[in-house]
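Input: a single structure, listed below in structure tokens.
Note that the structure is a prediction, hence the values are computed from the model and not measured.
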Amino acid sequence: LYHFKERPGGYRVFAAIPLNALTNDQTPGPSWPMKLGVFIIDVDATGQDPVQFLAWPPGYDPRQGSQDPEPTYCPYGSGDLIFKPRLLDARRVETGSLEISAGMGDFHPAGAVPLARRHSPGEDDVRIYALWDSDALMLALESADEVFCARQPGGDRDSLVEFDAVEVTLVRDPYTPDKQAYRAIFSPAGGTAFDCPGGGAWDPGDIYFSFDLFGPRPSDDCREGGGYAFWVRIPWRELGYLAQPPGRGEIIGFDLAVYDNDRGARSQTGFSPMGPTDDLQALGELRLFDY
């Protein structure tokens, strides 16, 4: 798709190029830069120099490539285009200062602020918070969902996502060959499922989570409610940090997906603009920050 529009003093050009035309159906991500060059030829009918060239980066010149009349790839002098889904900060708190069992009543006094996220048209309002200390990562969510739908505890991920659920994906060392992904899904009825995207099992033994529903708890049905709060504490050792916990400035691949089934009207919203997805390069980035 492209569009050309004149405006006072010049013009504006818009172009949308499908990624699958360039990448063989693979999705670029933060660890996969693409080469990009923009070359503008300006031909004026008058003036001493009727032809001018503008380029980004300044050294880019596609005329250095093949002279074949077919479109060609001209890498000479091109720049890097890096796809960054989103970088977010999780605030550090003093170890042991946050009683996760107290829910949102402790998150707000600890200084947690809502993380910016994509908003989907027609979705219930959702606010997401992140805190961390030397023992664990702590996430919380406030939802304005007024219909709770859930099944009895049990089942696998595929069955849980058919109802209301919250799913967290975390990737340790996301930009190394040794990266390891962990995914957990939590149901308001108490059900959970854990796995490793891309293959493999995950059987954590010390993850605490809770749903505080403002209304009756569903059990293989749907109930009218007035929103809910969710929070989870994930010890670093459950994510493979056995020798020592991660430190300030470390970046973790991250997505948080909210599955909403209002009596069959299903929707799903990922925290990352390209989520929910199994593609680890499409996740957001969560940085451990110490204010």
Show every donor-acceptor pair shorter than 3.5 Å between a side-chain atom in residues 186-195 and any protein atom, with sequence neighbours excluded, or say none if there are none.
unit_1, atom_1, unit_2, atom_2, d
Ser187, OG, Ala189, N, 3.2
Asp195, OD1, Arg183, NE, 3.0
Asp195, OD2, Arg183, NH2, 2.7

Using distance alone, with no hydrogens and no angle criterion, decide if Tyr228 and Glu146 have a side-chain donor and acceptor under 3.5 Å apart.
no

Can you measure from NZ (Lys5) to CZ (Arg12) and round to the nearest 0.5 angstrom?
7.0 Å

Look only at the side chain of Asp164 and the backbone of Cys149, and say whether a donor-acceptor pair between them is shorter than 3.5 Å.
yes

Let me confirm one number: the CG-OG distance from Asp61 to Ser78, rounded to the nearest 0.5 Å.
11.5 Å

For Ser219, does its backbone N or O pair with a side-chain atom of Asp221 as donor and acceptor, under 3.5 Å?
yes

Evaluate the ring planes of Trp236 and Trp132, with Trp represented by its six-membered ring, and classify them as parallel (under 30°), tilted (30 to 60°) or perpendicular (over 60°).
perpendicular

Report yes if some heavy atom in the side chain of Arg233 is under 4.5 Å from a heavy atom in the side chain of Leu131; otherwise report no.
no

Is it possible for you to say whether Leu141 and Leu139 belong to one hydrophobic cluster, with membership spreading through side-chain heavy-atom contacts below 4.5 Å?
yes

Going by an N to O cut-off under 4.0 Å, is there a salt bridge joining Arg287 and Asp89?
yes

Under the salt bridge (charged side-chain N to carboxylate O under 4.0 Å, His left out) criterion, do Glu167 and Arg157 qualify, and how do the steps go?
CA-CA 9 Å; Glu167 185 173 66; Arg157 176 180 179 272; 2.5 Å; yes

Residue pair Asp212 / Phe230, side-chain heavy-atom distance below 4.5 Å:
no

Is the closest side-chain heavy-atom distance between Asp42 and Leu54 below 4.5 Å?
no

Taking atom CG as the centre, does Asp203 end up with more than 12 heavy-atom neighbours from other residues, nucleotides or ligands that are less than 6.0 angstrom away?
no

Please determine whether a side-chain nitrogen of the Lys or Arg among Arg91 and Asp290 lies less than 4.0 Å from a carboxylate oxygen of the Asp or Glu.
no

To the nearest 0.5 Å, what is the distance between CG on Leu286 and CG on Leu170?
7.5 Å

So with a 6.0 Å cut-off around OH of Tyr11, is the heavy-atom count from everything else above 12?
no

Answer yes or no: is there a donor N or O on one side and an acceptor on the other, between the side chain of Asp156 and the main chain of Ser159, under 3.5 Å?
yes

If we ignore angles and hydrogens, is there a donor and acceptor under 3.5 Å between the side chains of Glu142 and Tyr129?
yes

Which is it for Arg172 and Tyr241 under the side chain to side chain contact (heavy atoms under 4.5 Å, CB included) test, yes or no, and what are the steps along the way?
CA-CA 9 Å; Arg172 180 170 52 86; Tyr241 294 94; 3.2 Å; yes

Is any side-chain heavy atom of Pro204 closer than 4.5 Å to a side-chain heavy atom of Leu239?
no

Give a yes or no on whether the backbone of Gly205 and the side-chain of Glu238 come within a donor-acceptor separation of less than 3.5 Å.
yes

May I have the step-by-step check of salt bridge (charged side-chain N to carboxylate O under 4.0 Å, His left out) for Asp80 and Lys35, ending in yes or no?
CA-CA 5 Å; Asp80 287 335; Lys35 306 303 290 185; 2.9 Å; yes

Would Asp206 and Arg237 count as a salt bridge (charged side-chain N to carboxylate O under 4.0 Å, His left out) if you check the C-alpha gap in whole Å, the side-chain angles of each, and the deciding distance to 0.1 Å?
CA-CA 9 Å; Asp206 191 23; Arg237 62 179 178 274; 2.4 Å; yes

Does Arg217 make a cation-pi contact with Phe148, if we ask for NZ or CZ under 6.0 Å from the ring centre and within 45° of the axis?
no

Any donor-acceptor pair under 3.5 Å linking the side chain of Asp173 with the backbone of Thr176?
no

Can you say whether the rings of Tyr60 and Phe39 are parallel (under 30°), tilted (30 to 60°) or perpendicular (over 60°)?
perpendicular

State whether the number of non-hydrogen atoms from other residues, nucleotides or ligands found under 6.0 Å of Ile40 atom CD1 is greater than 12.
yes

Working to the nearest 0.5 angstrom, can you tell me the gap between Arg92 CZ and Ser134 OG?
6.0 Å

Scanning both residues in full, the closest heavy-atom pair of Arg223 with Pro216 reads NH1-CB, 3.4 Å

Answer yes or no: is there a side-chain heavy-atom contact under 4.5 Å between Arg151 and Leu160?
yes

